[in-house]
Structures are given as C-alpha cells and as structure tokens.
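Position 1 is the first residue of the sequence, and the numbers go up from there.
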Amino acid sequence: MQLLTHNVNLNGAARILRVNPKTVAKKLRFLGAMCHELNRNTGKKYDHIRDIEFDELQTIEHTKLKPLSVAVAVSKKGRKIVGFQVSRMPATGHLAAVSRKKYGKRPDDRLNGMRQLFDHLSRQLRPNISISSDECPFYRGVVKTAFPSATYTQYLGKKGCVAGQGELKKIAFDPIFTV
C-alpha cells in the first residue's frame with residue numbers, strides 16, 4: 001500500500017517487492033475493496049460539511065478518442081473529496097468523426113453519472129447544504145432533485161490561462177477554486 005500511494009506504479013512495486021506484477025494487481029484490488037468499505041463506514045461523518053463545490057473534469061481512457069468525464073464533489077473548507085463518478089462521453093471537435101469510425105458511437109453517460117454522484121451525496125450530506133458549481137445547464141436539475149432544500153449557486157466559469165492548466169485562471173479569484 002505504501003508503494004502504491006507514493007507514486008510507484010504496479011510494475012515498479014513488483015520489482016521492489018520481487019513478486020509477480022499480477023500479485024501486486026490482486027493486492028491493489030483487495031486494498032481498493034478495503035478502502036471502499038472504510039470510506040463507506042466513515043462516510044456517515046460527513047454531516048459536519050456545510051459547503052461543497054462540484055464540477056466535471058475531463059480525462060481520457062487510453063486515447064483521446066475515448067474521453068471520460070469525472071464528476072467531483074469537494075468540501076469547500078476541508079478540501080476533501082466527498083464523492084466522484086466517472087462516466088463515458090463521446091469525443092468532440094475534430095476527433096469526433098475519427099472516434100466514431102474507429103470505436104463506434106460512444107454513449108454520453110455524464111447525466112446519469114452526475115445523478116449517481118448526487119444520489120450518493122444525498123445519503124451522506126445534510127439536506128440544507130450550500131452547493132457551488134459552474135454554469136453547466138444540466139447541473140441545476142440534478143442538484144434540485146437530490147437536494148431540494150439546498151442553497152445552490154452557479155458561477156460563470158473561466159478558461160485556464162494555459163491549455164491543460166485549468167487551475168491557473170486568468171482571473172484573480174475563482175469561486176470554485178477548490179475543485
């Protein structure tokens with residue numbers, strides 16, 4: 001566990017421990033299940049959180065032709081991740097046609113993923129929580145369904161000053177900086 005949490009990859013951990021990489025992969029699955037159970041049991045302690053921020057981050061599966069959306073909710077004060085959900089999404093822009101040709105039409109599971117995230121959060125957090133996000137149009141409906149008595153604020157998102165560095169904004173203050 002220490003090797004994997006200190007940025008050593010599976011093959012590197014196997015070399016250091018002088019075991020087969022398949023053994024490390026099995027232990028990783030075991031540790032993941034153990035941590036999942038631990039988080040589920042400690043998740044009941046989230047009732048002290050009063051403010052969360054959420055947004056979707058984009059990454060890729062193994063090629064830019066297979067993008068993924070990661071919906072993340074973070075506590076504003078403690079900067080702790082209180083939930084996330086990974087969803088498939090179709091490629092956009094100039095890669096869309098290439099992606100459809102090579103891999104077929106990819107489903108857009110972002111809305112379902114966001115609903116799953118907020119279903120999970122509604123069981124973990126207080127109902128009158130304060131929620132902040134950017135101005136994505138489908139967020140409001142998902143938030144109001146899961147948290148009808150929450151205070152929900154949407155902020156106009158800004159582009160990063162350099163591609164790939166979304167946290168470095170051109171503006172001085174980013175209202176959903178924690179995400």
Side-chain angles (χ1 to χ4, degrees), residues 1-46 48-49 52-96 98-110 112-121 123-125 133-134 157-170 174 176-179:
M1 184 176 207
Q2 287 181 343
L3 289 172
L4 296 175
T5 57
H6 285 86
N7 294 331
V8 177
N9 64 25
L10 292 177
N11 287 331
R15 264 193 315 275
I16 291 168
L17 297 171
R18 295 187 175 125
V19 297
N20 191 311
K22 292 177 186 176
T23 304
V24 178
K26 287 179 184 176
K27 291 293 182 184
L28 177 62
R29 281 195 285 279
F30 168 76
L31 291 170
M34 188 174 74
C35 290
H36 179 73
E37 188 63 31
L38 179 68
N39 285 337
R40 188 169 44 184
N41 292 337
T42 60
K44 295 176 181 83
K45 298 178 185 173
Y46 285 157
H48 68 282
I49 295 174
I52 64 168
E53 298 174 355
F54 77 94
D55 199 3
E56 286 182 296
L57 315 169
Q58 289 187 3
T59 187
I60 59 171
E61 197 168 328
H62 74 276
T63 172
K64 288 183 180 181
L65 302 177
K66 291 183 172 183
L68 297 172
S69 171
V70 183
V72 181
V74 180
S75 68
K76 193 170 186 174
K77 187 173 181 183
R79 293 186 172 185
K80 294 190 185 288
I81 297 173
V82 293
F84 72 94
Q85 183 68 38
V86 180
S87 307
R88 290 180 297 178
M89 62 184 280
T92 58
H94 68 282
L95 297 176
V98 178
S99 175
R100 281 191 302 273
K101 183 178 179 184
K102 189 166 185 176
Y103 298 108
K105 186 176 179 187
R106 283 177 60 87
D108 192 353
D109 295 332
R110 290 179 291 180
N112 289 335
M114 185 64 69
R115 286 180 180 142
Q116 288 176 5
L117 171 65
F118 273 88
D119 182 50
H120 167 76
L121 292 176
R123 293 190 304 265
Q124 303 291 328
L125 301 170
S133 74
D134 63 9
K158 299 289 184 184
K159 294 278 188 191
C161 61
V162 178
Q165 297 182 357
E167 70 277 0
L168 297 175
K169 303 291 183 181
K170 292 178 183 177
D174 184 7
I176 56 171
F177 170 76
T178 308
V179 176

Looking at side-chain heavy atoms only, is the closest gap between Val72 and Leu117 below 4.5 Å? no
Pick out which of Met114, Gln85, Gln116, Arg88 makes a side-chain contact (heavy atoms from CB on, under 4.5 Å) with Asp109. Arg88
To the nearest 0.5 Å, what is the distance between NZ on Lys102 and NZ on Lys66? 9.0 Å
Nearest heavy-atom contact between Ala91 and Ala96 is O-CB, 3.4 Å
Under 3.5 Å donor-acceptor, Thr5 side chain and Met1 backbone: yes
Any donor and acceptor pair, going by atom type alone, linking the side chain of Asn9 with main-chain N or O of Gly12 inside 3.5 Å? yes
Any side-chain heavy-atom pair from Tyr103 and Thr63 closer than 4.5 angstrom? yes
Is a donor on one side and an acceptor on the other found under 3.5 Å between the side chain of Arg106 and the backbone of Met89? yes
Tell me if the CZ atom of Phe30 is crowded by more than 12 foreign heavy atoms within 6.0 Å. no
Paired with Glu56, the side-chain hydrogen bond (donor to acceptor under 3.5 Å, both in side chains) test is passed by just one of Ser87, Ser133, Ser69, namely Ser69
Could you walk me through whether Leu31 and Met34 satisfy the side-chain contact (heavy atoms from CB on, under 4.5 Å) test, starting with their C-alpha distance in whole Å, then the side-chain angles of each, then the deciding distance to 0.1 Å, before giving a yes or no? CA-CA 5 Å; Leu31 291 170; Met34 188 174 74; 3.7 Å; yes
Within a radius of less than 6.0 Å around NZ of Lys27, do more than 12 heavy atoms belonging to other residues, nucleotides or ligands occur? no
Roughly how far apart are Leu65 CG and Ile60 CD1, rounded to 0.5 Å? 9.0 Å
Above 12 or not: heavy atoms from other molecules or residues under 6.0 Å from CD1 of Ile81? no
Rounded at 0.5 Å granularity, tell me how far NZ in Lys77 sits from NE2 in His48. 9.0 Å
Using 0.5 Å steps for rounding, measure from the NE2 atom of His120 to the CG atom of Leu125. 8.0 Å
Side chain of Thr59, backbone of Leu68: donor and acceptor closer than 3.5 Å? no
Between the side chains of Arg115 and Asp119, is the shortest nitrogen-to-carboxylate-oxygen separation below 4.0 Å, so that they form an ion pair? no
Answer yes or no: is there a side-chain heavy-atom contact under 4.5 Å between Asn11 and Pro21? yes
With a 4.5 Å heavy-atom cut-off, do Val24 and Leu3 have their side chains touching? no
Tell me whether Asn20 at atom CG has more than 12 heavy atoms from other residues, nucleotides or ligands lying less than 6.0 Å away. yes
Step by step, work out the side-chain contact (heavy atoms from CB on, under 4.5 Å) result for Leu121 and Ile52. CA-CA 10 Å; Leu121 292 176; Ile52 64 168; 4.2 Å; yes
